[in-house]
Amino acid sequence: MLAPIPHLEDYGLSPKIGFLPTELPLQRLPHPAYDKWERIINNFQSLLLSKRLRIVIDRLPVLPTWHLETEPEWRRAYSMLAFMAHGYIWGGEKPSEVLPPPVTYPLLQVSAHLGVPPVATYSGLCLWNYKPIFLSDNLTLDNLSTLTTFTGSLDEQWFYLVSVAMEARGGPAIPLMLDAVDAARCDEPENVTRCLQSFAEILDELGSLLVRMYESCDPHVFYHRIRPYLAGSKNMRDAGLPRGVKYDDGTRNATWRQYGGGSNAQSSLIQFFDVVLGIEHRPTGEKRKESSESEACHNFIHEMRQYMPSPHRKFLQAVESVANVREYAEAHRSNVQLCIAYDACLAMLRALRDKHIQMVSRYIIVKSRESRSMSRSRHRSPDPAPSRGAGIASVKYDITGGKKDERSTGGKRLRGTGGTALIPFLRQARDETGEPAIDAWARKLMSGARRSQADAEIEAESRAYAGQLGMLGYEAEEDGGMVGLAGSWNMEDSGGGLCQY
Ligand code: HEM
């Protein structure tokens with residue numbers, strides 16, 4: 001018997017705005033017991049700027065979660081505590097290895113209630129952290145505001161809000177594509193085609209929304225001011241957290257834990273698109289149709305599901321058990337309209353991933369190289385200027401690099417802590433998006449054999465960087481650890497694999 005097509009309401013999803021909560025995020029917890037948390041969040045940026053957040057949190061009473069009643073209240077509590085946790089860990093000269101009971105104790109409880117890990121996730125930063133400017137208007141980018149930020153900057157607001165706007169615009173694609181699944185079951189090719197055509201249009205709009213990131217989120221602000229606070233505790237030895245973070249809940253059960261940081265890779269919407277279109281993602285570096293041994297191996301995209309609220313995770317599982325559109329299109333190759341519509345969806349999602357790669361390059365790779373170049377120049381200068389902001393998740397890159405390293409490591413090149421190269425990982429995810437294409441020509445076009453605009457830009461930038469390194473007397477091919485968002489990656493542009501953690 002066929003598995004039932006999931007009902008959105010069973011998973012708390014909205015047919016209009018998808019994974020965004022059906023009730024607007026609360027702007028304040030109603031019970032006065034939590035006024036102390038609210039006061040901290042109201043003064044959050046000032047407390048971080050003055051480096052007084054830790055003292056204030058240390059003095060907080062350990063508040064129980066008894067007074068949280070409704071789901072919006074639990075979500076607001078989680079979002080506030082997640083901001084406080086990351087502010088506490090990263091908001092000092094050195095990262096704090098211990099999260100104290102006033103945050104740990106309630107954070108563990110709210111996280112367990114909501115089915116999310118006790119760390120800032122995409123849900124706490126984006127999904128449950130916005131308000132519409134005008135209540136009567138839709139959740140479009142020009143009608144959104146953020147509730148909490150680390151920095152108080154417009155750039156940080158924009159970084160979260162672009163995602164919120166994408167979630168809102170992409171939400172209607174969920175019931176639409178479940179209709180497509182139903183239509184495929186009923187063998188109604190016209191209806192499947194119609195749904196796919198509308199879906200392709202939505203994906204195209206999402207691509208346009210994504211690139212609006214450039215309008216108001218400056219790469220420098222993102223890299224140096226925002227990203228450090230989003231960092232997790234996994235693979236963060238170089239940033240000063242060799243064991244992760246000790247979650248001290250005030251009992252004898254304090255445990256060392258390691259989590260990835262907050263990242264849009266934790267968006268259930270993008271994973272829904274993959275699942276419903278039958279796109280499969282393999283561990284990085286693995287070719288198509290290889291032994292199933294690797295299935296057990298690390299798959300970053302799959303791992304990100306652990307960072308989604310449990311109802312969203314369960315929804316994706318339920319969709320996996322009914323997804324049939326790819327098989328339906330494959331079985332109806334002679335239906336040109338249907339196949340074009342299916343391939344168009346893949347092409348649009350692939351284009352979105354290509355734009356995203358370009359964005360990651362501009363916001364992370366280029367900025368990381370810039371700061372490493374500066375750090376090298378400073379190292380050589382007879383009177384090095386003091387480096388700023390060394391406390392907050394600024395990974396200490398291996399600035400010795402090149403020949404000297406090879407000697408000191410017996411000719412073996414050093415690898416970054418993550419073991420996986422970021423851009424190859426993202427490229428593979430992009431190219432896998434085109435793999436199921438029905439039409440052979442479309443499949444070839446999307447296979448990655450053709451250089452995209454993002455690829456060309458990254459290559460040109462890499463060449464310029466190699467030239468710069470050469471001028472400084474370093475070897476061009478060097479390697480260094482770098483903090484992504486949820487993961488930590490190395491800078492190498494080839495090879496690597498998620499299994500090599
Ligand atoms: C300044 C903007 C952005 C930057 C710098 C950025 C950076 C990254 C990084 C570094 C990763 C690798 C995984 C990690 O370390 O977390 C990643 C993955 C990912 N990001 Fe972004 N991201 C940005 C915006 C967005 C937006 C707006 C979305 C859409 C909701 C998004 C969706 C994803 C997805 C789905 C992945 C997983 C890989 C994939 O499925 O292709 N990102 N991003």
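Each ligand, and each atom within it, is numbered from 1 in the order the structure gives.
- Proximity of a side-chain donor or acceptor of Gln157 to a complementary backbone N or O of Thr149 within less than 3.5 Å is not detected.
- Residue-to-ligand polar distances keep Asp274 apart from ligand 1: every N/O pair is separated by 3.5 Å or more.
- Of the options Gln428, His281, His356, the smallest heavy-atom separation from atom 43 (N) of ligand 1 is shown by His356.
- Leu209 has its side chain within reach of Leu206: a pair of non-hydrogen atoms, C-beta onward, lies under 4.5 Å apart.
- Near Val360, the atoms of ligand 1 lying under 4.0 angstrom from a non-hydrogen atom of the residue are 6 (C), 7 (C), 8 (C).
- A donor-acceptor pair shorter than 3.5 Å can be found between the side chains of Asp142 and Thr140.
- Nearest to atom 31 (C) of ligand 1 by heavy atom, out of Leu426, Ile270, Asn264, is Asn264.
- Remark: of the listed residues Asp343, Leu445, Ile340, Asp343 is the sole one forming a side chain to side chain contact (heavy atoms under 4.5 Å, CB included) with Asp439.
- Inclusion of Tyr122 in the set of residues having an N or O under 3.5 Å from an N or O of ligand 1 is not warranted.
- Judged by distance alone, with hydrogens and angles left aside, the side-chain atoms of Ser452 form a donor-acceptor pair with the main-chain N or O of Asp455 at under 3.5 Å.
- The heavy atom nearest to atom 34 (C) of ligand 1, considering only Ala265, Ser268, Ser267, is found in Ala265.
- Short contacts between ligand 1 and Ile301, defined as distances under 4.0 Å to a heavy atom of the residue, involve ligand atoms 40 (O).
- A salt bridge between Arg353 and Asp274 is present, with a side-chain N of the basic residue lying under 4.0 Å from a carboxylate O of the acidic one.
- Interface atoms of ligand 1 facing Phe300, defined by a heavy-atom separation under 4.0 Å, are 13 (C), 14 (C).
- Taking the charged nitrogens against the carboxylate oxygens, Glu432 and Arg282 do have a contact shorter than 4.0 Å, which makes a salt bridge.
- Contacts between Met213 and ligand 1 below 4.0 angstrom, taking non-hydrogen atoms only, involve the side chain exclusively.
- Donor-acceptor pairing under 3.5 Å is lacking for the side chains of Tyr259 and Thr121.
- Using a 4.0 Å heavy-atom cutoff, Ser163 is listed among the residues neighbouring ligand 1.
- Counting atoms of ligand 1 from 1 in the listed order, those under 4.0 Å from a heavy atom of Phe222 are 5 (C).
- Heavy-atom proximity to atom 39 (C) of ligand 1, evaluated over Met359, Arg350, Arg353, is greatest for Arg353.
- Here is the list of ligand 1 atoms found below 4.0 Å of a heavy atom in Ser263: 14 (C), 16 (O).
- Contacts between Ile364 and ligand 1 below 4.0 angstrom, taking non-hydrogen atoms only, involve the side chain exclusively.
- Of the heavy atoms in Ala429, only side-chain atoms (C-beta onward) come closer than 4.0 Å to ligand 1.
- Each of the following atoms of ligand 1 lies closer than 4.0 Å to a heavy atom of Tyr363: 1 (C), 5 (C).
- Within ligand 1, the atoms closer than 4.0 Å to a non-hydrogen atom of Phe159 are 1 (C), 2 (C), 3 (C), numbered from 1 in the order shown.
- Note on Glu457 versus Arg362: salt bridge recorded, some NZ/NE/NH1/NH2 to OD/OE distance being below 4.0 Å.
- The side chain to side chain contact (heavy atoms under 4.5 Å, CB included) test with Ser163 is passed by exactly one of Leu125, Leu210, Asn264: Asn264.
- Contact annotation: for Met166 versus ligand 1, heavy atoms closer than 4.0 Å belong to the side chain alone.
- Remark: Ile174 CD1 to Leu8 CG distance equals 6.5 Å, nearest 0.5 Å.
- The line from CG of Leu99 to CZ of Arg257 is 10.0 Å long, rounded to the nearest 0.5 Å.
- Taking a cut-off of under 4.0 Å to the non-hydrogen atoms of Leu210, the atoms of ligand 1 that pass are 26 (C), 27 (C).
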